[in-house]
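Step one of this worksheet: look at the structure below.
By convention here, the first residue in the shown sequence is residue 1.
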Amino acid sequence: MLRRALRLGLGPGLLGRGLGAHREGSTLDWHGKVSEIKKKIQSVLPGGAWSPLCDTSHLPPEHSDVVIVGGGVLGLSVAYWLKRLEKRQGAIRVLVVERDHTYSQASTVLSVGGIRQQFSLPENIQLSLFSVEFLRNINEGAKVCLMSPEQLRKKFPWMNTEGVALASYGFVSSSNHMETAIGEKVTLKRIHEVHVKVDHSQEYQPVECAIVVNAAGAWSGRIAELAGIGKGPSGTLQGTKLPVEPRKRYVYLWHCPQGPGLEAPLVADPSGAYFRREGLGNNYLGGCSPAEVSSVGSGCRGEDRDRVSLSSQASLAGPVLVLMSRSPLALTWGLLPPSTTYQADRLKRPARPGSDVCPGQRKPCPHLCPQEEEPDPGNLEVDHDFFQEKVWPHLAQRVPAFETLKVRRAWAGYYDYNTFDQNGVVGPHPLVVNMYFATGFSGHGLQQAPAVGRAVAEMMLEGHFQTINLSPFLFSRFYLGEKAQEHCII
C-alpha cells in the first residue's frame with residue numbers, strides 16, 4: 001500500500017484543501033492579532049495615532065502560505081504559477097527567499113541558456129516543448145530531421161563530418177503514522193516555520209508557513225537535511241536522502257573571425273563539446289561535458305557516452321544540431337583563460353573514434369578515459385589549462401576554422417546534479433508532507449522551468465499533476481530504487 005502511495009503522491013493538494021499557516025491545527029488570524037496588538041500599545045502611549053516602535057520594513061513577513069527557498073528560475077516559476085492558478089486573486093501568499101540577492105553566483109544567470117528537445121525520456125521532451133511554447137507563445141511539436149554526412153556537409157560546409165554517422169537537426173519550437181508492507185513504521189512531519197536570515201545582519205526572522213518549496217538548486221540537498229530528510233536508518237524511507245549536490249561547470253566565450261556564420265545552429269559533438277554563435281560579432285559560446293566514471297580508476301562508461309552523444313541544446317535564437325558517432329568518444333569539460341589566442345601549431349588533435357592512444361604518443365589517451373574529471377565545487381575558479389588539453393582539440397577537429405581563435409571570457413557555475421539518475425525531483429516529500437521539490441535537473445532546469453513551475457503548483461493546488469504527468473520524478477523513486485535515467489546530459 002505504501003509503495004503504491006509513494007508512486008502516486010499524496011492525494012489532495014495542501015493548498016487546495018484550504019490549509020493555511022498554522023500550529024496545533026488552528027489557522028492563525030494574523031490581521032486580527034495585529035489590530036488587537038496595535039490597540040493595546042496605543043492605549044498605553046500618550047496621545048496621537050499609533051506608530052510602530054521600530055522600523056520593520058526590511059524584515060520578511062511573519063507568516064506566508066508558501067515559502068520558496070531559492071529565487072532562481074525554478075523557484076520564481078513555482079511562485080508565478082501559484083499566483084496564476086490561484087482560484088481567487090490574493091488567496092495565496094507567497095514568499096521567495098534567495099541568499100544571493102545580486103545573483104552573481106546563481107546558476108540561472110551563469111548558464112549557457114540553451115533549450116533542447118532531444119532527450120531520452122518522454123517527460124523531459126514534454127517539459128521542454130511546454131516551456132518553449134510558454135516562452136515563444138507558439139504551439140508546435142518537436143521538429144527534428146535526421147541528416148546523413150553528405151547532407152550535413154552540403155548544409156554546413158564549414159564543418160568536418162569525419163566520424164559522424166548521423167546528425168539530428170531540429171528547431172526549438174490524515175494520520176501522522178504509516179506502516180510499510182514489511183511493518184516499518186514511519187512518522188509524517190510538517191514544517192511549521194522557516195527562519196530567514198536578514199541581509200547584512202545576524203538577525204533571523206521566523207516565518208510561519210503552510211508549505212515550503214525546496215528550489216535551492218545545487219544546495220537543495222543541504223536544505224533537505226535541515227528539514228530532517230535522510231536522517232534515519234540506512235535503507236529506510238526516513239534514511240533516504242535527496243541525492244542532489246553541486247557540480248561545477250565551465251563556460252567560455254571566444255572570438256573567431258572565420259567561424260560559422262549566422263546560420264550556425266547550436267552544435268553538440270559526440271565528444272561532448274558543444275557551441276553556439278553568440279550575437280553578430282563572430283563570438284561563440286560553449287563548453288564540454290565531463291566524463292562520467294563509474295569509480296576512480298575504472299575509466300569511462302562507453303555505453304553512457306554513446307547515449308549522451310544523442311543529446312542537444314538550442315538557444316532561443318536558432319536551431320540545434322546533434323552529431324552522432326558509431327564509436328563513443330570521451331565526454332570532457334574545460335575552459336580557457338581570458339584573452340588567450342590559440343593557433344593551429346599549438347593544437348593537439350584528439351584521437352580518432354575507437355582509438356586508445358593519442359596520435360604520435362605511446363600512452364593512454366587522456367581524451368578518451370579520464371580517471372577523475374569533476375572539478376572542485378568549493379569555488380567558482382576556472383581551470384584555464386583545461387580548454388587547450390580537452391576542449392579546443394575537439395572543436396577544431398569538428399570546425400577547422402576554430403584552429404585559430406581567441407578566448408575573451410570564461411566563467412563557472414553550478415549544476416544541481418542528481419547523482420541518482422540525472423533527472424529532476426518534482427513534487428512532495430512522502431514524510432515531510434509540506435515540503436515540495438523543484439530541483440535536481442542536472443543542467444536542464446533553466447529550459448524546463450516554466451513547465452516544472454506549473455507542475456509543482458498543480459500538485460500543491462489539486463493534489464496531482466495535470467498538464468504533464470511527472471510521477472516518475474517524485475522523491476519516492478530514490479527509496480523504491482526506480483531510476484528515471486536521463487542519458488542526454490550536456
For the atom pair [atom1] ([X]) and [atom2] ([Y]), what is the distance rounded to the nearest 0.5 Å?
{"X": "R84", "Y": "S77", "atom1": "CZ", "atom2": "OG", "result": "11.0 Å"}
{"X": "L395", "Y": "W254", "atom1": "CG", "atom2": "CH2", "result": "5.0 Å"}
{"X": "I211", "Y": "M460", "atom1": "CD1", "atom2": "CE", "result": "5.0 Å"}
{"X": "E482", "Y": "S471", "atom1": "CD", "atom2": "OG", "result": "11.0 Å"}

Is there a side-chain contact between [X] and [Y] in this structure, where contact means two heavy atoms from C-beta onward sitting under 4.5 Å apart?
{"X": "F465", "Y": "V426", "result": "yes"}
{"X": "L242", "Y": "F475", "result": "yes"}
{"X": "F441", "Y": "V452", "result": "yes"}
{"X": "P246", "Y": "W219", "result": "yes"}
{"X": "H63", "Y": "R93", "result": "yes"}
{"X": "R247", "Y": "T419", "result": "yes"}
{"X": "E62", "Y": "E208", "result": "no"}
{"X": "Q422", "Y": "Y417", "result": "yes"}

Does [X] use its side chain to pair, donor to acceptor, with the backbone of [Y] at less than 3.5 Å?
{"X": "E86", "Y": "G90", "answer": "yes"}
{"X": "N214", "Y": "S220", "answer": "yes"}
{"X": "K248", "Y": "L380", "answer": "no"}
{"X": "S131", "Y": "Q447", "answer": "yes"}
{"X": "D421", "Y": "A484", "answer": "yes"}
{"X": "H394", "Y": "V391", "answer": "no"}
{"X": "E98", "Y": "D100", "answer": "yes"}
{"X": "R454", "Y": "P450", "answer": "no"}

After noting the C-alpha distance and the side-chain angles of V212 and I223, does the key distance pass the side chain to side chain contact (heavy atoms under 4.5 Å, CB included) rule? CA-CA 10 Å; V212 176; I223 298 298; 5.7 Å; no
Report yes or no: is the cationic atom of K241 (NZ for Lys, CZ for Arg) under 6.0 Å from the centre of the six-membered ring of F478, at an angle within 45° of the ring normal? no
Ring-face cation of R249 near Y415 (centre distance under 6.0 Å, axis angle within 45°): yes
Name the orientation class of the two ring planes belonging to [X] and [Y] (parallel below 30°, tilted from 30 to 60°, perpendicular beyond 60°).
{"X": "F130", "Y": "W81", "answer": "tilted"}
{"X": "Y80", "Y": "F134", "answer": "perpendicular"}
{"X": "Y204", "Y": "H195", "answer": "tilted"}

Heavy-atom neighbours of Q466 CD exceed 12 at 6.0 Å: yes
One thing to verify: whether R222 and E225 come together as a salt bridge, which I'm taking to mean a side-chain N less than 4.0 angstrom from a carboxylate O. no
Test log, rule side chain to side chain contact (heavy atoms under 4.5 Å, CB included), inputs L127 and F473: CA-CA 12 Å; L127 286 171; F473 293 174; 3.8 Å; yes
Quiz question: by atom type and distance under 3.5 Å, do the side chains of K483 and N423 form a donor-acceptor pair? no
List the steps and the verdict of side chain to side chain contact (heavy atoms under 4.5 Å, CB included) for R398 and V164. CA-CA 10 Å; R398 186 60 58 203; V164 176; 3.3 Å; yes
